[in-house]
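Chain A is the first sequence line, chain B the second, and so forth, proteins listed ahead of strands; every chain is numbered from 1.
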Amino acid sequence: MPLKQKEAKELDSFKEYDQTSCPICGKPLIGDQDKGELICSSCGLVVEGYNECKGPEWKAIDMREKEKRVRVGAPQTFLLHDLGLSTEIGPENKDFHGKPLSSYMNMSIKSMKKWQNRIRTVSSEERNLAVVLSKINEVSDALKLPKIVTETAAHNYRIFAKKGLAKSKSIIGMAGASIYLACRKFEIGRSLKEIAKLMNVDKKIVAKYYRFMIKENGKEHVPPTSIGRYVSKLVNVMKIDPRVERLALYIMSKTLCSKTFEGKAPSGLAAAFVYISSVLLGERTPQREIAEAAEVTEVTVRNRSREILDNFLIRQRLKVLPKGYEIKSNYTV
DNA sequence: ATGGTTTTTACTGCGTC
DNA sequence: GACGCGGTAAAAACCAT
């Protein structure tokens with residue numbers, strides 16, 4: 001199945017925007033129209049959550065249901081410890097008509113605010129939750145994840161906290177694992193390494209908790225890491241010719257069925273596909289740079305590259321390539 | 001704990017600009 | 001000589017049992 005079709009199928013709950021395109025690779029963006037999320041259909045990266053989610057968090061099938069469910073206020077979110085359902089007292093000291101409050105009212109409101117803040121986070125668990133969720137939010141932001149993914153991460157954490165499974169564990173570690181799990185569910189190419197680094201935690205801990213989560217939550221299907229997403233991401237962050245990406249994905253699709261690559265790190269494989277393609281197209285991106293961007297060593301890039309070349313008679317099979325893809329390198333395999 | 005597999009670290013030699 | 005590349009041995013990390 002062509003990649004694009006496959007992705008479209010994977011993200012079937014999304015609708016495609018027709019007028020927007022990814023600023024980096026120029027490919028169409030997939031987005032959730034209600035929530036204003038934009039994901040590049042090619043690299044799988046989120047371009048930006050460009051506006052605030054204003055719609056309700058529920059869906060109504062018919063009008064009767066809609067009437068039944070209608071209410072005011074911001075949508076529910078997993079990212080706030082109270083699901084965003086508590087009352088907030090606004091910061092500006094103005095009344096209903098926009099006039100400034102009298103000094104007496106002002107004092108009164110101030111004291112109400114104080115108490116409101118005190119009672120909003122009551123138990124230690126709730127306070128904990130608030131801290132973790134804000135951390136998840138922060139890191140997801142740095143990773144440029146779509147809101148759906150961030151929400152899923154928050155949701156993951158909630159599930160585990162509720163079951164009491166987060167006790168006596170590193171809270172940040174659990175948060176990291178939740179984010180990683182969410183990324184895996186949505187097939188977004190973010191490595192454990194990246195997440196751990198951003199959160200300033202040991203990768204091992206995040207990995208451990210991630211495995212724990214999978215074990216505890218075995219029913220849910222988590223797709224295997226998509227090497228193609230890593231390839232796209234690499235090409236995009238390194239700003240290499242997009243043709244390299246296409247070739248890399250092509251070689252990948254032809255090669256990956258081989259059992260040689262079972263158990264190999266996806267980031268290393270992705271790096272090798274990109275490296276080989278860049279060489280074939282005469283781009284010559286240094287191994288060092290690709291290795292650095294993929295967060296693997298040059299040795300790994302070399303080893304994977306050699307294996308790929310051993311398993312794939314490049315010259316023979318690349319005859320079927322589309323126009324414009326001449327092989328410029330002297331690979332003699 | 002253990003043993004098998006993969007990745008990293010560190011180092012060497014070769015060719016090219 | 002600096003750089004990119006290919007290779008190797010040994011250490012470290014990883015994972016299933």
Side-chain angles (χ1 to χ4, degrees), chain A residues 165 169-170 172-174 176-181 183-185 189-231 233-235 237-241 244 247-248 251-252 255-315 318 327-333:
Chain A
L165 294 170
K169 290 199 168 56
S170 152
I172 301 298
M174 282 301 271
S178 311
I179 295 175
Y180 184 61
L181 182 60
C183 288
R184 288 289 297 268
K185 273 186 198 163
R190 294 292 187 286
S191 63
L192 261 176
K193 227 184 219 173
E194 263 177 291
I195 295 170
K197 208 159 78 185
L198 264 169
M199 301 191 95
N200 258 328
V201 247
D202 193 356
K203 189 186 134 198
K204 284 181 218 162
I205 294 176
V206 183
K208 199 171 118 193
Y209 292 165
Y210 171 67
R211 261 173 284 144
F212 172 76
M213 279 186 168
I214 293 285
K215 214 171 103 191
E216 287 295 324
N217 211 10
K219 299 150 257 172
E220 215 168 336
H221 172 71
V222 180
T225 3
S226 153
I227 295 169
R229 293 291 174 100
Y230 275 106
V231 168
K233 185 187 155 200
L234 257 185
V235 173
V237 294
M238 297 186 70
K239 302 204 163 55
I240 314 175
D241 186 349
V244 171
L247 182 57
I251 297 175
M252 187 188 88
T255 329
L256 218 53
C257 47
S258 163
K259 284 200 172 140
T260 330
F261 305 118
E262 273 175 17
K264 300 285 196 288
S267 49
L269 271 169
F273 284 125
V274 173
Y275 176 67
I276 289 175
S277 309
S278 96
V279 171
L280 287 174
L281 294 175
E283 283 259 323
R284 283 252 151 221
T285 321
Q287 288 177 2
R288 184 179 41 79
E289 284 177 33
I290 294 183
E292 199 184 332
E295 299 194 291
V296 291
T297 55
E298 291 165 64
V299 182
T300 306
V301 178
R302 284 201 284 272
N303 288 341
R304 285 307 85 75
S305 297
R306 193 159 32 83
E307 286 161 15
I308 292 167
L309 292 170
D310 285 348
N311 276 277
F312 193 70
L313 306 168
I314 297 280
R315 278 199 182 284
L318 289 194
I327 293 168
K328 291 180 183 152
S329 97
N330 49 359
Y331 266 137
T332 48
V333 187

With Ser277(A), which residues qualify under side chain to side chain contact (heavy atoms under 4.5 Å, CB included), at least two apart?
Val244(A), Leu247(A), Ala248(A), Ile251(A)
Results of side chain to side chain contact (heavy atoms under 4.5 Å, CB included) for Thr297(A) - residues two or more places apart only
Val299(A), Thr300(A)
Here's a test of your reading of the structure: between Thr285(A) and Asn303(A), which maps to the more 5' nucleotide of DNA chain C?
Thr285(A)
Results of side chain to side chain contact (heavy atoms under 4.5 Å, CB included) for Thr285(A) - residues two or more places apart only:
Met238(A), Ile240(A), Ser278(A), Glu283(A), Glu289(A), Ile290(A)
Considering only nitrogen or oxygen atoms on both sides, find all protein atoms under 3.5 Å from nucleotides 12-17 of chain C and state each distance.
none

Contacts of Glu292(A) meeting salt bridge (Lys or Arg N to Asp or Glu O under 4.0 Å) (sequence neighbours excluded), chain-then-number -> none
Pairing residues for Arg306(A) by the side chain to side chain donor-acceptor pair (under 3.5 Å) criterion, not counting sequence neighbours:
Asn303(A)
Taking side chain to side chain contact (heavy atoms under 4.5 Å, CB included) as the definition, give me every residue that meets it alongside Pro223(A), ordered by chain and number, with sequence neighbours left out.
Glu187(A), His221(A)
Could you state the atom-to-atom distance from CD of Glu307(A) to P of dG7(C) in whole Å?
11 Å
Holding to side chain to side chain donor-acceptor pair (under 3.5 Å), I want the full list of residues that pass it with Glu307(A), two or more places apart in sequence or in another chain.
Arg304(A)
For Lys185(A), give me all partners under salt bridge (Lys or Arg N to Asp or Glu O under 4.0 Å), at least two apart in sequence or on another chain.
Glu220(A)
For residues 201-211 of chain A, which side-chain N or O atoms pair as donor and acceptor with protein atoms under 3.5 Å away, sequence neighbours left out?
unit_1, atom_1, unit_2, atom_2, d
Asp202(A), OD1, Lys204(A), N, 3.3
Tyr209(A), OH, Ser170(A), N, 3.0

Minimum heavy-atom separation for Met213(A) to Ser178(A), with atom names?
CE-OG, 3.2 Å
Considering only heavy atoms of chain A and a distance under 4.0 Å, specify the first and last nucleotide of DNA chain B in 5' to 3' order that meet this criterion.
dT6(B) to dA10(B)
Give every pair of a protein N or O atom and an N or O atom of nucleotides 1-4 of chain C that lie under 3.5 Å apart, one pair per line with the distance.
unit_1, atom_1, unit_2, atom_2, d
dG4(C), OP1, Arg288(A), NH2, 3.2

